[in-house]
Number of protein chains: 2
Amino acid sequence: MAEKKIPKATARRLPLYYRYLRFLYEAGKERVSSAKLSEAVKVDSATIRRDFSYFGALGKRGYGYDVEALMNFFSKTLNQDRLTNVALIGVGNLGQALLNYNFRRNNNIRISAGFDVKDELIGTIHQGVPIYDINEMVEQLEMQQIDVAILTVPSEIAQEMADKLVKGGVRGIMNFTPIRVTVPQEIRVHNVDLTNELQTLIYFINYYQDFDKKEEKETSDNPLNDLFYNE
Amino acid sequence: MAEKKIPKATARRLPLYYRYLRFLYEAGKERVSSAKLSEAVKVDSATIRRDFSYFGALGKRGYGYDVEALMNFFSKTLNQDRLTNVALIGVGNLGQALLNYNFRRNNNIRISAGFDVKDELIGTIHQGVPIYDINEMVEQLEMQQIDVAILTVPSEIAQEMADKLVKGGVRGIMNFTPIRVTVPQEIRVHNVDLTNELQTLIYFINYYQDFDKKEEKETSDNPLNDLFYNE
DNA sequence: TCTATATTGTGAAAAATATCAGAGGAGGTA
DNA sequence: TACCTCCTCTGATATTTTTCACAATATAGA
């Protein structure tokens with residue numbers, strides 16, 4: 001673990017590369033160049049080569065990259081070779097949509113437990129996922145050895161729930177609430193703030209029109225980077 | 001419009017500041033310092049001061065910032081002083097969750113029209129929002145002068161829908177599909193890729209443990225910056 | 001085998017972002 | 001008024017990220 005010092009910006013693009021490599025593999029492609037990849041993921045080809053180079057020499061000059069080998073490499077790098085169980089805290093509208101989202105499809109990630117306060121939800125099974133009482137959260141998290149949680153609860157109890165997650169041994173939190181929760185430094189928090197996103201988008205279309213932007217480029221930006229947190 | 005050259009990183013943090021300022025205002029606070037703000041939004045105080053300074057001298061030395069004045073300033077800057085109508089393309093699980101999300105609450109943003117292909121949805125009203133046939137999309141977008149759309153359709157038709165959105169005059173797209181759509185350069189696309197987010201989070205907790213990270217800092221990262229796109 | 005073409009890997013430069021640190025006020029108190 | 005404390009604003013610096021541009025080298029074809 002930890003070849004160390006993969007820039008964060010690079011790390012955030014890895015899933016993007018991985019997904020497209022899987023697509024190419026399923027389409028029967030054997031090789032791909034950084035230029036082709038660039039078109040699909042909308043990341044400059046030099047950036048792609050630089051990103052890959054942090055992991056060593058993965059390609060061949062004059063040839064490109066071997067799709068299958070690269071896909072397998074990223075699969076390992078992204079821990080896709082083993083199943084990651086995730087807990088869903090708060091089974092409301094958004095929570096239920098995420099249950100239906102099926103992260104599993106092509107990904108070794110699944111929501112394996114839900115938690116809520118509502119009596120009518122507790123004890124039921126949604127999309128194959130059992131919903132527990134939020135009071136059992138700490139012990140269930142420990143018992144099921146879950147180390148990633150998705151937080152979709154009302155803002156008012158976001159911090160409280162974050163504290164419980166920490167107590168339950170979770171190491172990563174995907175926070176959909178607008179609250180920036182306080183957690184110990186070793187815990188990773190990624191914020192996905194939908195209202196923020198929308199406001200930023202609106203700000204951009206009104207003030208940036210199309211300044212800069214490379215002539216040809218059709219889209220851009222840091223995928224998600226923004227939605228986030230913890231560096 | 002366009003005081004020009006507000007760094008993108010700064011722009012992405014504005015909604016965060018704005019939200020907290022509203023909270024302070026409602027709590028009756030009259031002034032706030034960058035240090036206090038920093039605690040709440042988890043952004044370094046020097047970064048906050050720098051961000052604010054791009055808009056001129058908004059604070060007073062030795063005093064801090066006037067909450068109400070600053071809130072109003074950001075409200076204008078973020079176009080919160082007028083209502084922004086948004087279209088929802090694809091009323092599936094995620095789409096419906098977003099309809100329930102109520103962006104409007106405290107924000108001048110609302111989903112004003114939904115589009116789908118399903119006969120059982122077309123013509124109905126969800127959360128007060130009428131759902132139209134996707135075939136009427138271009139004309140409805142034009143008629144209703146909508147310039148922001150949320151894309152929550154199956155990947156297979158993401159590009160096709162993006163093309164229609166462009167035809168309908170939309171200037172900003174919040175893309176929830178994993179496809180990086182191709183659009184003319186003047187159209188802004190922000191990608192919110194949930195699977196990506198989760199994979200990145202898992203990568204981080206496995207490889208970054210807690211390297212760097214300032215001693216005291218409890219959380220961090222670029223809020224959203226990452227979830228995104230178009231620069 | 002030779003040559004033309006494709007495409008990586010990477011120094012070096014540029015651009016964007018974040019942080020430090022201190023001069024300069026502002027407000028409050030006696 | 002004098003003085004102390006708080007806190008902004010900003011030049012300078014550090015860090016991170018992106019991009020340029022080209023030597024190196026693999027493949028394909030003649």
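Just so it is clear: chains get the letters A, B, ... in the order the sequence lines come, proteins before strands, and each one is counted from 1.
Residue A:Ser34 has no polar side-chain atom (N or O) positioned under 4.0 Å from OP1 or OP2 of C:dT7. Note on B:Thr47: every side-chain N or O is 4.0 Å or more away from OP1 and OP2 of C:dA18.
Between the OH atom of B:Tyr54 and the C1' atom of D:dT8 there is a distance of 15 Å, rounded to whole Å. The nearest whole Å value for the distance from the CG atom in A:Leu37 to the P atom in C:dG9 is 12 Å. Atom P of nucleotide C:dT7 and atom CD of A:Glu30 are separated by 15 Å, given to the nearest angstrom. Rounded to an integer number of Å, the gap from B:Asp44 CG to D:dT16 P is 14 Å. Straight-line distance from the CG atom of A:Asp51 to the P atom of C:dG9: 12 Å, rounded to whole Å. Atom CD1 of A:Ile48 and atom P of C:dT10 are 16 Å apart (whole Å). As rounded to whole Å, 13 Å separates atom C1' of C:dT8 from atom CG of A:Leu70. When the P atom of C:dA23 is taken as reference, atom NZ of B:Lys60 falls 24 Å away, rounded to whole Å.
Considering only side-chain atoms of A:Arg13, the nucleotide from D:dT8, C:dT10, D:dT18 that sits closest is D:dT18. The listed nucleotides are C:dA26, D:dT10, D:dT18; the one nearest the side chain of B:Arg49 is D:dT10. In this structure, the nucleotide among D:dC7, D:dT27, D:dG11 sitting nearest to the side chain of A:Tyr63 is D:dT27. Residue A:Lys8 places its side chain closer to D:dT17 than to any other of D:dT17, C:dT10, C:dT19. Closest to the side chain of A:Arg31, out of C:dT7, D:dT8, C:dG9, is C:dT7. The side chain of B:Tyr65 lies closest to D:dT8 when the candidates are D:dT17, D:dT8, C:dT19. Checking D:dC9, C:dT7, D:dG11 against the side-chain heavy atoms of A:Arg61 singles out C:dT7 as nearest.
In this structure, A:Phe74 and A:Phe52 have tilted ring planes: the angle between them lies in the 30° to 60° band.
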side-chain contact (heavy atoms from CB on, under 4.5 Å) assessment of A:Ile6 paired with B:Tyr203: CA-CA 11 Å; A:Ile6 303 301; B:Tyr203 176 81; 3.3 Å; yes

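Geometrically, A:Arg19 does not engage A:Tyr17 in a cation-pi contact, judged by NZ or CZ lying under 6.0 Å from the ring centre and within 45° of the ring axis. Geometric assessment of B:Arg22 against the ring of B:Tyr18 yields a positive cation-pi assignment under the 6.0 Å and 45° thresholds.
Note on residues 58-83 of chain B: no pairs pass salt bridge (charged side-chain N to carboxylate O under 4.0 Å, His left out), not counting sequence neighbours.
Annotation: of the two residues near DNA chain D, B:Gly64 and A:Gly62, the 5′-most nearest-nucleotide partner is B:Gly64.
A donor-acceptor contact under 3.5 Å is formed by the side chain of B:Arg50 with the base of D:dG11.
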